[in-house]
K.L.:
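So that we are looking at the same thing, I have put the structure below in structure tokens.
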Number of protein chains: 2
Amino acid sequence: MITRGKLAKATGIKIETIRFYEKIGLLAPPERTAGNYRAYGQDDVDRLSFVRRARDLGFSLDQVRTLLDLADDRSRSCCAVDEIARAQLKAVEEKIADLLALKRELGSLIEQCDQGTIADCRIIGALAPAEV
Amino acid sequence: MITRGKLAKATGIKIETIRFYEKIGLLAPPERTAGNYRAYGQDDVDRLSFVRRARDLGFSLDQVRTLLDLADDRSRSCCAVDEIARAQLKAVEEKIADLLALKRELGSLIEQCDQGTIADCRIIGALAPAEV
DNA sequence: TCTTGACCCTGTACTTGCTACAGGGTGCAT
DNA sequence: ATGCACCCTGTAGCAAGTACAGGGTCAAGA
């Protein structure tokens with residue numbers, strides 16, 4: 001018998017998060033013991049590990065839900081899976097591009113800082129429209 | 001007289017977001033007209049533009065609040081500003097590194113996809129622990 | 001003058017992905 | 001029998017907004 005705490009340890013997902021996943025229907029409600037404790041099985045460990053890996057790869061819970069559904073239907077073509085992964089890759093690439101632009105802007109702002117007063121601070125100046 | 005809609009247009013921040021900023025105390029509640037409309041001035045346009053630029057640079061609302069406070073005290077040293085900007089740069093760089101790792105993983109997953117069935121899908125396989 | 005339509009007001013609930021209580025019950029060892 | 005670690009439930013909170021619902025206001029056109 002695997003309790004919630006053990007499931008948490010086995011998968012690296014916090015107890016509260018497991019409850020949250022159960023609440024939103026990502027995990028099926030497990031059997032209960034006589035004392036009303038959740039009793040998980042190896043299936044649950046597997047499923048939750050799947051969720052964790054997908055989350056680590058940046059998939060949204062909604063995408064994870066879809067991936068789980070797809071994974072259950074083993075005879076189906078994996079085009080849909082590929083599509084989700086590609087969408088995720090694209091999102092990641094866009095995010096990286098955005099952050100690189102940000103990094104450049106921040107970097108040049110910081111470089112100009114000469115440690116004077118706020119009045120002639122380049123960073124504040126760059127943020128302010130004309131005169132603060 | 002600048003209404004909320006005009007302030008939104010002038011700054012590119014949505015009306016609802018302006019209300020939200022007012023609610024959390026980032027923007028001072030403005031004067032009201034006889035008909036209970038908010039009446040903004042150029043100050044508000046400037047302040048909100050400042051917020052927008054800072055948000056665009058990825059600063060949190062909390063950081064923005066601090067930057068606004070700092071910007072108001074023009075005689076002060078701008079070390080604190082520099083510090084916030086550096087912290088933000090560091091956060092951005094870390095995020096970029098994370099996303100690059102993610103991108104590599106996703107990319108290699110997708111490359112292996114041979115458009116077969118779910119049963120031999122590499123992506124599902126990589127997510128599942130041993131056997132799904 | 002009336003009415004239409006664009007704007008404004010308020011409060012509240014929803015989003016994503018959790019996290020953190022409070023206030024109690026269970027189970028095992030000492 | 002009592003202490004402690006663990007479990008249970010419900011609820012509220014975080015960032016940073018977004019989206020209604022159900023009204024009020026204002027200016028222009030018929």
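Naming: A, B, ... by sequence-line order, numbering from 1 per chain. It should be emphasised that the depicted structure is a prediction, and the values quoted were computed from it without experimental measurement. All values below were derived from every heavy atom in this structure, side-chain atoms included, with hydrogens, water molecules and symmetry-related copies excluded.
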K.L.:
Base, sugar-phosphate, or nothing: which does B/R19 touch, judged by heavy atoms less than 4.0 Å apart?
P.N.:
base
K.L.:
Between A/R122 and A/E111, is the side-chain contact (heavy atoms from CB on, under 4.5 Å) condition met? List the steps.
P.N.:
CA-CA 9 Å; A/R122 305 283 183 156; A/E111 242 172 64; over 6 Å; no
K.L.:
Atom pairs under 3.5 Å, N or O on each side, protein against nucleotides 26-30 of chain C: can you list them with distances?
P.N.:
from	atom 1	to	atom 2	distance (Å)
C/dT26	O4'	A/Y37	OH	3.3
C/dT26	O2	A/Y37	OH	3.2

K.L.:
Select from B/Y21 and A/K6 the residue whose nearest nucleotide in DNA chain D is closer to the 5' end of that strand.
P.N.:
A/K6
K.L.:
Contact boundaries of DNA chain D with chain A (under 4.0 Å, heavy atoms), 5' to 3'?
P.N.:
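With heavy atoms of chain A under 4.0 Å away, the range is D/dC6 to D/dT11.
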K.L.:
Within the structure provided, determine whether B/T66 and B/V81 are in side-chain contact (heavy-atom separation under 4.5 Å).
P.N.:
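With C-beta onward as the side chain, the pair stays apart.
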K.L.:
Using a cut-off of strictly less than 4.0 Å, decide whether B/R32 has a side-chain nitrogen or oxygen near OP1 or OP2 of C/dC8.
P.N.:
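Result: no.
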K.L.:
Which pair of heavy atoms, one from A/A85 and one from B/I123, lies closest together, and at what distance?
P.N.:
CB-CD1, 3.8 Å
K.L.:
Using a heavy-atom distance cut-off of less than 4.0 Å, which residues of residues 8-18 of chain B contact DNA chain C?
P.N.:
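Listed by number, they are B/I15.
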K.L.:
Rounded off to whole Å, could you give me the CD1-to-P distance for the A/I24 and C/dC14 pair?
P.N.:
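For the pair A/I24 CD1 and C/dC14 P, the rounded distance is 16 Å.
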K.L.:
Output the distance between atom CZ (A/R53) and atom CG (B/L127), rounded to the nearest 0.5 Å.
P.N.:
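The CZ atom of A/R53 sits 8.0 Å away from the CG atom of B/L127.
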K.L.:
With a 4.5 Å heavy-atom cut-off, do B/L26 and B/R65 have their side chains touching?
P.N.:
yes
K.L.:
Return each pair, listed once, that meets side chain to side chain donor-acceptor pair (under 3.5 Å) where at least one residue sits in residues 26-44 of chain A; pairs must be two or more places apart or across chains.
P.N.:
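Non-adjacent pairs meeting side chain to side chain donor-acceptor pair (under 3.5 Å): A/E22-A/R38, A/R32-A/N36, A/Q42-A/D46.
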K.L.:
Could you tell me whether A/R38 contacts a base, only the sugar-phosphate backbone, or nothing, with contacts defined as non-hydrogen atoms closer than 4.0 Å?
P.N.:
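Sugar-phosphate, backbone atoms only, no base.
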K.L.:
Treating A/R55 as the side-chain partner and A/F59 as the backbone partner, does any N or O pair qualify as donor plus acceptor under 3.5 Å?
P.N.:
yes
K.L.:
Whole Å only: how far is the CD atom of B/E22 from the C1' atom of C/dC8?
P.N.:
13 Å
K.L.:
Send over the distance from A/R4 CZ to C/dT19 P, rounded to a whole Å.
P.N.:
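Those two atoms, CZ and P, are 13 Å apart.
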K.L.:
B/M1 has an atom CE; how far is it from atom C1' of C/dC7, in whole Å?
P.N.:
11 Å
K.L.:
Whole angstrom is fine here: how far is it from CZ in B/F20 over to C1' in C/dG11?
P.N.:
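Atom-to-atom, B/F20 to C/dG11, this comes out as 16 Å.
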K.L.:
Please output the side-chain donor-acceptor pairs of residues 95-109 of chain A that fall under 3.5 Å, not counting sequence neighbours, one pair per line with the distance.
P.N.:
from	atom 1	to	atom 2	distance (Å)
A/S108	OG	A/E105	O	3.2

K.L.:
Using a cut-off of 6.0 Å, state whether more than 12 heavy atoms not belonging to B/Q112 lie near its atom CD.
P.N.:
yes
K.L.:
Distance check needed: C/dT15 P versus A/K23 NZ, whole Å only.
P.N.:
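It works out to 11 Å between those atoms.
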K.L.:
Only distances under 3.5 Å count here; give the side-chain donor-acceptor pairs of residues 5-16 of chain A to other protein atoms, sequence neighbours excluded, each with its distance to 0.1 Å.
P.N.:
from	atom 1	to	atom 2	distance (Å)
A/T11	OG1	A/L7	O	2.8
A/T11	OG1	A/I13	N	3.3

K.L.:
I'd like to know if the side chain of A/E94 and the backbone of A/A91 have a donor-acceptor N/O pair within less than 3.5 Å.
P.N.:
no
